[in-house]
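Before any comments, here is the structure.
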Amino acid sequence: MLTVNSYSATSATEPLAPARVERRDVGPRDVLIEIKYCGICHSDIHFVRGEWGTAPYPVAPGHEIAGIVAAVGPEVTQYAVGDRVGVGCMVDSCGECSSCRKGEEQYCLKGNTLTYGSTDKDGRITQGGYSTHIVVTEDFVVRIPEGIELDSAAPLLCAGITTYSPLRRWGAGPGKKVAVVGLGGLGHMAVKLAHALGAEVTVLSQSLKKREDGLRLGADHYYATSDPETFEQLAGSFDLIVNTISAKIDLDAYLSLLAVDGTMVNVGAPAEPLAFNVFPLIMSRRSFAGSAIGGIRETQEMLDFCAQHHLGAEIEVISADKINEAYERVLASDVRYRFVIDISTLA
Ligand code: NAP
Ligand code: ZN
């Protein structure tokens with residue numbers, strides 16, 4: 001067993017602080033990864049603050065992991081020491097249910113093992129990427145292609161795949177009008193990816209403060225949702241809306257922006273229930289859907305797509321002692337557009 005440095009939460013209210021976490025011995029099919037960078041996802045904040053239910057403290061969050069393979073078990077076939085690799089939100093699943101057989105481990109019917117805060121097969125609570133090393137079965141490791149820097153690749157492991165998966169499933173591409181709601185970590189990747197897929201992209205943000213950035217990232221149009229005229233002007237216009245907002249919103253207002261047969265996909269995961277009126281759905285055969293990350297195969301596909309299109313996340317690299325400050329800035333929508341921890345500052 002390996003004991004390594006981390007930044008961990010000890011309760012829902014205390015700031016995160018340095019702590020040691022344990023990693024299992026490298027098993028026959030395991031990969032030991034020296035973590036170089038880890039993104040800060042808003043989910044980390046929801047989770048450690050107990051917004052989705054009580055968290056199992058102490059816990060090191062972090063599921064946007066980019067690093068280098070430091071050791072492999074004797075039966076590992078896909079990775080070798082020195083490879084550039086990533087780990088996202090899952091580290092295991094049953095491997096046998098219909099979802100896993102389809103490569104959709106995120107919908108494992110027996111419940112997958114999340115990168116942090118889950119009970120692992122050995123009974124221990126998983127610990128995430130705000131740490132120097134992690135041991136993961138090779139089936140849940142992906143390859144980071146040359147051409148994407150490790151720091152800007154890290155956020156692709158959650159923000160990238162969580163937006164790529166619904167954009168692909170609901171056919172974002174040429175001739176499709178896609179709206180991205182919220183220009184944060186997920187939102188900025190949704191803009192880049194939807195643009196690269198060939199869709200006409202509109203950002204719906206609370207204000208016009210980030211308009212220039214949005215257009216530079218690939219949006220064709222940019223509107224402020226604080227302006228009631230936005231909702232009148234854009235009524236009935238989108239084939240697909242991807243909602244990345246981490247808080248409760250007035251869903252009826254957004255559903256009215258969908259065209260006939262349009263779909264609004266919620267990836268934002270606020271703690272509070274969201275309510276809506278069914279009439280905007282009925283009257284234009286609209287759909288309201290949810291989507292969770294993506295499978296391992298699709299995550300690799302997304303990384304290869306990003307390399308091909310020269311896409312990475314826009315990041316602000318911070319040292320580990322700035323994690324709590326970064327959390328406050330994420331909560332204030334003051335992130336451009338993902339904080340990434342330089343894990344060498346944890347060594
Ligand atoms: P983030 O960086 O904080 O971005 C969220 C954005 O939502 C903000 O930048 C802001 O955009 C907007 N926003 C925040 N509070 C708002 C409010 N009260 N009213 C209106 N707009 C508001 O967060 P993230 O890391 O992208 O994550 C977003 C959400 O997705 C979180 O709930 C997270 O847990 C969830 N998530 C889900 C999955 C999944 O698998 N479904 C995966 C990862 C994350 P503007 O400033 O542009 O308005
Ligand atoms: Zn995440």
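When a ligand or atom number is given, it counts from 1 through the structure's own listing order.
- The salt bridge (Lys or Arg N to Asp or Glu O under 4.0 Å) test with Asp30 singles out one residue from Arg24, Lys121, Arg23, and that residue is Arg24.
- Under 3.5 Å, the side chains of Glu298 and Ser165 contain a donor-acceptor pair of N or O atoms.
- For residue His63, an N/O/S atom approaches the Zn ion (ligand 2) to within less than 2.8 Å.
- Among all protein heavy atoms, the one lying closest to atom 33 (C) of ligand 1 is Ser43 OG, 3.4 Å.
- Residue Trp52 places a heavy atom less than 4.0 Å from ligand 1.
- When only non-hydrogen protein atoms are considered, atom 2 (O) of ligand 1 lies nearest to Gly185 N, 2.9 Å.
- For Cys41, the nearest N, O or S atom to the Zn ion (ligand 2) falls under 2.8 Å.
- Near Val330, with a cut-off below 4.0 Å to any heavy atom, the atoms of ligand 1 are 3 (O).
- Checked by atom type, the side-chain pair His195/Glu200 shows no donor-acceptor distance below 3.5 Å.
- With a 4.0 Å cut-off on non-hydrogen atoms, His42 touches ligand 1 through its backbone as well as its side chain.
- The aromatic rings of Tyr164 and Phe305 sit tilted, their planes meeting at an angle between 30° and 60°.
- At a 4.0 Å cut-off, not a single heavy atom of Ala159 sits close enough to ligand 1 to count as contact.
- At a heavy-atom cutoff of 4.0 Å, ligand 1 is contacted by the side chain of Lys210 but not by its backbone.
- Residues Met264 and Leu186 are members of separate hydrophobic clusters, defined by side-chain heavy-atom contacts under 4.5 angstrom among Ile, Leu, Val, Met, Phe, Trp and Tyr.
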- Evaluation steps, side chain to side chain donor-acceptor pair (under 3.5 Å), between Tyr7 and Asn324: CA-CA 10 Å; Tyr7 238 71; Asn324 294 301; 5.2 Å; no
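- Taking each of Ser226, Ser165, Ser291, Ala269 in turn, the one with a heavy atom nearest to atom 41 (N) of ligand 1 proves to be Ser291.
- A salt bridge between Lys248 and Glu272 is absent, with no side-chain N of the basic residue lying under 4.0 Å from a carboxylate O of the acidic one.
- Annotation: atom 43 (C) of ligand 1 to nearest protein heavy atom, Cys158 SG, 3.3 Å.
- Here the heavy atom of the protein found nearest to atom 31 (C) of ligand 1 is His46 NE2, 3.4 Å.
- A donor-acceptor pair shorter than 3.5 Å cannot be found between the side chains of Tyr107 and Asn112.
- Ligand 1 has no nitrogen or oxygen under 3.5 angstrom from a nitrogen or oxygen of Ala292.
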- Would you please test Asn277 and Asp252 for side chain to side chain donor-acceptor pair (under 3.5 Å) and show each step? CA-CA 6 Å; Asn277 189 324; Asp252 290 336; 4.7 Å; no
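- By the 3.5 Å distance cut-off applied to N or O atoms, Leu183 is counted among the residues near ligand 1.
- Within the set Cys89, Ser205, Gly214, Ala247, the minimum heavy-atom distance to atom 18 (N) of ligand 1 is found for Ala247.
- Note: an N/O pair closer than 3.5 Å links Ile293 and ligand 1 by distance alone.
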- Leu303 vs Leu156, side chain to side chain contact (heavy atoms under 4.5 Å, CB included): CA-CA, chis, key distance, verdict: CA-CA 7 Å; Leu303 287 167; Leu156 302 178; 3.8 Å; yes
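- With Asp83 as the partner, the side chain to side chain contact (heavy atoms under 4.5 Å, CB included) test is satisfied by one option alone out of Val69, Ile144, Val141: Val69.
- Closest heavy-atom contact between Ser207 and Tyr222: O-CE2, 3.6 Å.
- Remark: minimum distance from atom 37 (C) of ligand 1 to any protein heavy atom is reached at Val267 O, 2.8 Å.
- Gln206 OE1, 3.5 Å is the protein heavy atom nearest to atom 19 (N) of ligand 1.
- Atom 8 (C) of ligand 1 has its closest protein heavy atom at Ser333 OG, 3.6 Å.
- Checked for salt-bridge contact, Lys210 and Asp213 miss the test: no charged N lies under 4.0 Å from a carboxylate O.
- For Tyr222, no heavy-atom contact with ligand 1 is shorter than 4.0 Å.
- Contacts between Arg338 and ligand 1, counted as non-hydrogen atom pairs separated by less than 4.0 Å, involve the side chain only.
- The main-chain N or O of Gly295 is never found under 3.5 Å from a side-chain atom of Glu104 such that the two would form a donor-acceptor pair.
- The shortest N/O to N/O separation between Pro270 and ligand 1 does not fall below 3.5 Å.
- Nearest to atom 28 (C) of ligand 1 among the protein's heavy atoms is Thr244 O, 2.9 Å.
- Polar contact with ligand 1: absent for Ile245 (N/O pair, distance under 3.5 Å).
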